[in-house]
Amino acid sequence: MSDLNLTPAPRARRPRPKVVTLTDAAAERVRTIMAKAEKPYAGLRVGVKNSGCAGQEYILEYAEEAGPLDEVVEDKGVTILIEPKAVLFLVGTEIDYVTTKLSAKFQFRNPNETDACGCGESVTIEPAKAADA
């Protein structure tokens, strides 16, 4: 009998793209806010909830610890924890921090947004489609 090994060698996994990225301005603002926090946090939790006239709204909050199913993204020195149910809604999103004469805010540039309300507080987001294999 021959000593042939018919077990295929494992293929190297391609690196997964980050679900969310930060601009330099957003990363700097998050680092500043986290440095001034009353206690240390594991990261910034990003999510989506049903709300507003367009249907959904983005959530940003301190996270004391990562959830067991959170998607963990490290970008520009910031740890971002993404709620599992929000991942498909946020794929490809860039978060920026924008300052104008009248306001300063985090702004989401999400390719999955299909509509937004007039006041800019809520959006309609379609889950990302699976990439063709």
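One is the number of the first residue; the rest follow in order along the sequence. These numbers were taken from a predicted model, which means no experiment stands behind them. The figures here come from the full heavy-atom set of this structure, side chains too, leaving out hydrogens, waters and symmetry mates.
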Do V87 and L81 belong to the same hydrophobic cluster, where Ile, Leu, Val, Met, Phe, Trp and Tyr are linked whenever their side-chain heavy atoms lie under 4.5 Å apart, directly or via other members?
no
Just one of T21, V46, V30 clears the side-chain contact (heavy atoms from CB on, under 4.5 Å) bar with I95, so which one?
V46
For K76, look at atom NZ and say whether over 12 heavy atoms of other residues, nucleotides or ligands are found less than 6.0 Å away.
yes
About how many Å separate CG of L60 and CZ of F108, when rounded to the nearest 0.5 Å?
4.0 Å
Each residue besides V98 in its hydrophobic cluster should be listed here, by chain and number; the cluster joins Ile, Leu, Val, Met, Phe, Trp and Tyr at side-chain heavy-atom distances under 4.5 Å.
none
Atom pair OG1/NZ of T99 and K105 - distance to nearest 0.5 Å
11.0 Å
Taking V72 as the starting point, is it possible to reach V91 by hopping between hydrophobic residues whose side chains are less than 4.5 Å apart?
no
How far apart are the closest heavy atoms of K18 and D75, and which atoms are they?
NZ-OD1, 3.2 Å
Between Y41 and F106, is there a shared hydrophobic cluster once you connect ILVMFWY residues whose side-chain heavy atoms come closer than 4.5 Å?
yes
List the atom of P111, the atom of G92, and the distance in Å for their closest heavy-atom pair.
CD-O, 3.4 Å
Does anything in residues 88-97 form a side-chain hydrogen bond (donor to acceptor under 3.5 Å, both in side chains)? List the pairs, not counting sequence neighbours.
T23-D96, R29-Y97, T93-N110, E94-R109, D96-R109
Separation of E71 CD from L90 CG (nearest 0.5 Å):
10.5 Å
Nearest-0.5 Å distance, CD1 of residue I82 to CZ of residue R45
10.5 Å
Residues forming a side chain to side chain contact (heavy atoms under 4.5 Å, CB included) with K49, sequence neighbours excluded
S51, E57, I59
Please find the pair of heavy atoms, one from A42 and one from A66, that lie closest to each other, and give the distance.
CB-N, 4.3 Å
